[in-house]
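Below: the structure, in structure tokens.
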Amino acid sequence: MSLAVLEPAPADLALAGADALAAAVAGDVSRSSAVLTETLTYLRLLSDHAKFIRNGFDQTQEALFREGDALAQAHDRLRARFARLPEPLPPALVAEFARAALPLVRALIQFKDRVAALIDLCLTQQTLPAPFVRHLRREADFFVGTLNHLSGLPVPQTATLDLRGPAGRTPTVARALLGSVPVADALAAGLAYAEFWGKHHEEHAEALMIFLRPEQRREIAAAGRFRREFRELRDRAAALQQAFSRPEFDSLSRDALTLTGDWRSFLVQANTAQRACALQANFPQRLSEHIRIETDILTEAIARTQLRLAGQAQPAGIGLGAVYTGLTPKEILLS
Ligand SMILES: [Fe+2]
Ligand SMILES: [Fe+2]
């Protein structure tokens with residue numbers, strides 16, 4: 001695949017759905033802020049994904065390495081083009097940003113699917129297991145789902161996200177909009193966040209258990225505990241989607257915030273130790289920082305859902321145009 005194909009040329013912007021997205025944010029500062037926040041967050045995460053996959057190929061897999069590298073570079077060029085524009089941004093510029101991102105995100109989703117299939121068939125060698133490559137793909141699917149939701153387009157199938165909640169579609173709502181959707185929608189979206197990101201943090205903990213070194217027993221044991229507790233959390237979220245109980249939802253929300261906060265502290269400590277060379281394991285410091293960004297996604301979604309249920313105003317910071325409102329400091333997302 002050549003770089004020319006990956007660059008968001010004007011023709012790429014004519015994707016199905018791009019006009020719906022532009023119409024959804026036109027003149028709407030809340031929606032365009034939501035799109036800006038999600039796009040800045042996920043482009044950082046997706047650039048990391050392309051590099052994690054690229055760096056995991058066997059040295060004989062030059063073509064796949066270069067394809068992963070081209071995708072990573074294309075994501076980084078787009079990030080550089082839009083990320084440092086001064087806020088507030090006109091909604092039309094936010095729409096252009098998301099429309100330019102969509103072809104890249106689609107290309108990366110297809111690449112992840114292909115790499116996972118090649119690993120399954122033993123046609124390539126890769127340090128990441130195939131299920132973890134599909135884990136990376138599902139995070140891109142979740143992002144596309146949030147853009148589709150606010151564009152009035154279909155949200156992802158439950159099966160696409162590998163969830164056990166009610167069969168059908170998963171309500172993927174941008175975090176910043178959780179305060180303005182109807183209460184029933186906020187509840188459903190909050191449960192979807194808890195199930196999806198609970199499962200993903202379970203898988204993150206499992207990945208770290210693979211990458212830690214045998215003598216790092218304390219860290220391996222801690223990761224094992226987080227894996228078990230996130231599995232319980234996502235099981236509870238899946239069960240609540242079948243039989244809802246408000247007290248149980250409130251208890252799940254409190255537990256999710258505590259567990260995610262503890263996991264985030266563990267990741268920040270690990271990342272600090274990695275940067276100081278006090279911890280050397282078989283994963284880069286970028287991975288511990290990456291997962292820490294993914295803890296902020298879950299924390300913010302749960303906290304905003306709680307505020308919605310309590311009928312409290314959301315922290316907005318909305319001015320004349322779109323502004324970034326995510327929990328992760330913007331400079332981390334831009335790095
Ligand atoms: Fe990720
Ligand atoms: Fe992840």
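We count ligands from 1, going down the list as the structure has it; atoms in each ligand are counted the same way. Residue indices begin at 1 and follow the sequence shown. Values below: all heavy atoms of this structure, side chains included; hydrogens, waters and symmetry mates excluded.
- At least one N/O/S atom of His204, from backbone or side chain, sits under 2.8 Å from the Fe ion (ligand 2).
- Cluster annotation: Leu327 is not connected to Ile293 through the hydrophobic network of ILVMFWY side chains, with a link wherever side-chain heavy atoms come within less than 4.5 Å.
- When each of Lys112, Arg54, Arg114 is paired with Glu67, the salt bridge (Lys or Arg N to Asp or Glu O under 4.0 Å) condition holds for Arg114 and for no other.
- We find that Arg134 and Glu203 are not joined by a salt bridge, their nearest charged nitrogen and carboxylate oxygen being 4.0 Å or further apart.
- By the 4.0 Å N-to-carboxylate-O rule, Arg79 lies close enough to Asp76 to be salt-bridged with it.
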**Message:** Apply salt bridge (charged side-chain N to carboxylate O under 4.0 Å, His left out) to residues Arg231 and Asp235 and explain how you reach the verdict.
**Reply:** CA-CA 6 Å; Arg231 183 183 305 146; Asp235 285 348; 6.0 Å; no

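- A salt bridge links Asp255 with Arg236: the closest approach of a Lys/Arg side-chain nitrogen to an acidic carboxylate oxygen falls below 4.0 angstrom.
- Ordered by chain and number, His49 NE2, Glu139 OE1, His290 NE2, Glu294 OE2 make up the set of protein N, O or S atoms under 2.8 Å of the Fe ion (ligand 1).
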